[in-house]
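Both ligands and their constituent atoms are indexed starting at 1 by order of listing. By convention here, the first residue in the shown sequence is residue 1.
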Amino acid sequence: ISPQDLLINADIALYEAKRLGRNRVERYSDHLKTRNLIIKRTGDAILKSLADDDFTAYYQPQFDAHTLEINGVEALARWMHPERGIQPPAAFLDIAENLNVVAQIDARVLDHALLQLSRWRAADLGIERVSVNISAQRLFDENLISRLEQLDLIPGSVSFELLESISFDDTSHAVAASIERLRKLGIAIEIDDFGTGYASILSLLKLSPSRLKIDRELVGPVVDNPAQRRLIASIVDIARTFGIGIVAEGVETMEHVTILRDLGCHTLQGYALARPMDAQSLIEFAKQHRIKQDEMLLMRA
Ligand code: C2E
Ligand code: MG
Ligand code: MG
């Protein structure tokens, strides 16, 4: 192997050692090289897609636990990969994070979501709220605040979902200040994947979120496991004390729907009720759902 290749390979091992937390030895392997190549290619493709405007959103309805009416929609980032088609966040989020471009993807998703929100209003679908996922990086993006200030949002019509894993304890001042500015603009704050991060419950409550979204890892086992049901009941109890709404995500069966409703969750989101779908499908879905709801009401009357 040429000296030049030797240096390149050594570099690949060096980066792997850094990636795994530094202060360690990593050996070069062909496997490592291939993986690096894939990451590099994917990274280039992500940057190109940002330039080409190839990031969009899918929309997953959320349902009132009691009436099963649609009471909101979560926008989820999707990559329209030129060859591989629609890709979920698992295919790009980590690499986008390393490239520091998640805030840009968030910005695209927000733009798409706001456009759809106005379409839903125009079509009188009764969907008055959309939520988007916000990375920590995006929370401190000056462009975000100035763009939002121009928009003149109806208070409560847009929610930002913050991952519980965003460190609220360490950077609490900066985070709290940012969140306060958002709230002044009428944006509701939700804590995503609640119950899986390490944030203290006190630091979360200090943010006075509008809603907690209970992670699907906690939601999944409620059907078979009474202890898990009590856990959800306790979270509902705490939330109620502080006037915070509860969303259950990962609601996969109708049995989950009944149990979670009876445990006091306000809003349900999951495959049992609807999967994430493209913008046009969401409009069709919402129309059909409304017709079905009306028919059920008529039958009961
Ligand atoms: P999340 O915000 O917790 O979103 C819920 C994820 O669960 C979505 O995956 C959704 O498709 C999936 N899901 C919904 N119902 C069910 C169910 O019943 N069962 C199961 N097993 N899964 C269900 P998706 O779209 O792949 O998104 C994954 C994660 O990527 C999101 O989790 C969120 O953390 C992140 N993400 C998505 N869009 C964005 C974005 O625009 N910006 C940022 N920063 N992160 C995003
Ligand atoms: Mg979310
Ligand atoms: Mg979640």
- [ ] Just let me know how P276 lines up against ligand 1, side chain, backbone, both or neither, with a heavy-atom cut-off below 4.0 Å.
- [x] side chain

Task: Nearest protein heavy atom with distance in Å, relative to atom 4 (O) of ligand 1 - done: L76 CD2, 3.5 Å

Task: Enumerated ligand 1 atoms positioned under 4.0 Å from heavy atoms of A77 - done: 37 (C), 38 (N), 39 (C), 40 (C), 41 (O)

Task: E217 CD: over 12 foreign heavy atoms closer than 6.0 Å - done: no

Task: Part of D192 within contact of ligand 1 (heavy atoms, under 4.0 Å) - done: side chain

Open item on the list: Contact between ligand 1 and R78 is defined here as a heavy atom of the residue under 4.0 Å from a ligand atom; is it met?
Closed with: yes

Task: Proximity of Q269 to ligand 1 by residue part, where a heavy atom lies under 4.0 Å - done: neither

- [ ] Just need the protein heavy atom nearest to atom 46 (C) of ligand 1, so name the residue and atom and give the distance.
- [x] N133 CB, 3.7 Å

- [ ] Would you mind listing the cluster partners of I291? Hydrophobic ones only (ILVMFWY), side-chain contacts under 4.5 Å, chaining allowed.
- [x] none

Open item on the list: A quick test of your reading: do over 12 heavy atoms of other residues, nucleotides or ligands sit less than 6.0 Å from CG of D5?
Closed with: yes

Open item on the list: Is it true that, when you exclude D152 itself, more than 12 heavy atoms of the residues, nucleotides or ligands shown sit nearer than 6.0 Å to its CG?
Closed with: no

Task: Closest candidate by heavy atom, reference atom 17 (C) of ligand 1, pool Y271, F92, F194, Y58 - done: Y271

Open item on the list: Considering non-hydrogen atoms of the protein only, which is the closest contact for atom 28 (C) of ligand 1, and what is the distance?
Closed with: P89 CG, 4.0 Å

Task: Check: H256 side chain, L268 main-chain N or O, donor-acceptor pair, under 3.5 Å - done: no

Task: 4.0 Å protein heavy-atom contact status of atom 32 (O) of ligand 1, strictly under - done: no

Open item on the list: Among I12, L14, L20, L32, which residue satisfies the side chain to side chain contact (heavy atoms under 4.5 Å, CB included) criterion with E26?
Closed with: L20

Task: Any A90 heavy atom less than 4.0 Å to ligand 1 - done: no

Task: NZ/NE/NH1/NH2 to OD/OE distance under 4.0 Å, D44 and K40 - done: yes

- [ ] For the Mg ion (ligand 3), check which protein N, O or S atoms are under 2.8 Å away and list them.
- [x] D192 OD1, D193 OD1, E249 OE1, E249 OE2

TODO: Report yes or no: does N133 have an N/O/S atom closer than 2.8 Å to the Mg ion (ligand 2)?
DONE: yes

- [ ] State the CG-CD1 distance between N133 and I105, to the nearest 0.5 angstrom.
- [x] 12.0 Å

Task: Distance filter under 4.0 Å to E249 heavy atoms, resulting ligand 1 atoms - done: 3 (O)

TODO: Would you mind running through ligand 1 and noting each atom that sits below 4.0 Å from a heavy atom of V109?
DONE: 41 (O)

Task: Per-atom contacts of ligand 1 with S135, taking only distances under 4.0 Å to non-hydrogen atoms - done: 44 (N)

Task: atom 9 (O) of ligand 1 protein-contacted (non-hydrogen atom, under 4.0 angstrom) - done: no

Task: Element-labelled atoms of ligand 1 that are located less than 4.0 Å from some non-hydrogen atom of L93 - done: 30 (O), 35 (C), 45 (N)

Task: atom 34 (O) of ligand 1: the protein heavy-atom neighbour that sits closest, reported with distance to 0.1 Å - done: L163 CD2, 4.1 Å

Task: Contact partition for I105 relative to ligand 1, non-hydrogen atoms under 4.0 Å - done: neither

Open item on the list: Report the atom name of the nearest N/O/S atom of E74 relative to the Mg ion (ligand 2).
Closed with: OE2

Task: Short side-chain to backbone donor-acceptor contact, D278 and S281, under 3.5 Å - done: yes

Open item on the list: Below 4.0 Å, non-hydrogen atoms only: which portion of R216 touches ligand 1? Side chain, backbone, both or neither.
Closed with: side chain

Open item on the list: Please determine whether any non-hydrogen atom of K213 lies less than 4.0 Å from an atom of ligand 1.
Closed with: no

Task: Crowding at CD, E284 (>12 non-hydrogen neighbours, <6.0 Å) - done: yes

Task: Under 3.5 Å: donor-acceptor pair, side chain of Q293, backbone of T67 - done: yes

Open item on the list: Surrounding CZ of R22 (heavy atoms of other residues, nucleotides or ligands, distance under 6.0 Å), is the total greater than 12?
Closed with: no

TODO: Give the cluster check for I46 versus I38: same hydrophobic cluster or not, with ILVMFWY residues linked at side-chain heavy-atom distances below 4.5 Å.
DONE: no

Open item on the list: Less than 4.0 angstrom from a charged side-chain N to a carboxylate O is my criterion; do E255 and R229 meet it?
Closed with: no

Open item on the list: Show the atoms of ligand 1 that are less than 4.0 angstrom away from any heavy atom in E74.
Closed with: 2 (O), 4 (O)

- [ ] Check if V102 has a non-hydrogen atom at a distance under 4.0 Å from any atom of ligand 1.
- [x] yes

Open item on the list: Could you tell me, atom by atom, which parts of ligand 1 come under 4.0 Å of a heavy atom of D106?
Closed with: 40 (C), 41 (O), 42 (N), 43 (C), 44 (N)

- [ ] Supply the atom-to-atom distance S135 OG to E161 CD, rounded to the nearest 0.5 angstrom.
- [x] 13.0 Å

Open item on the list: Donor-acceptor check, side chain of H112 to backbone of A57, threshold 3.5 angstrom: yes or no?
Closed with: no

Task: Euclidean distance, S146 OG relative to L151 CG, rounded to 0.5 Å - done: 10.0 Å

TODO: Pick, from H256, E190, E252, the option with the minimum heavy-atom distance to atom 20 (C) of ligand 1.
DONE: E252

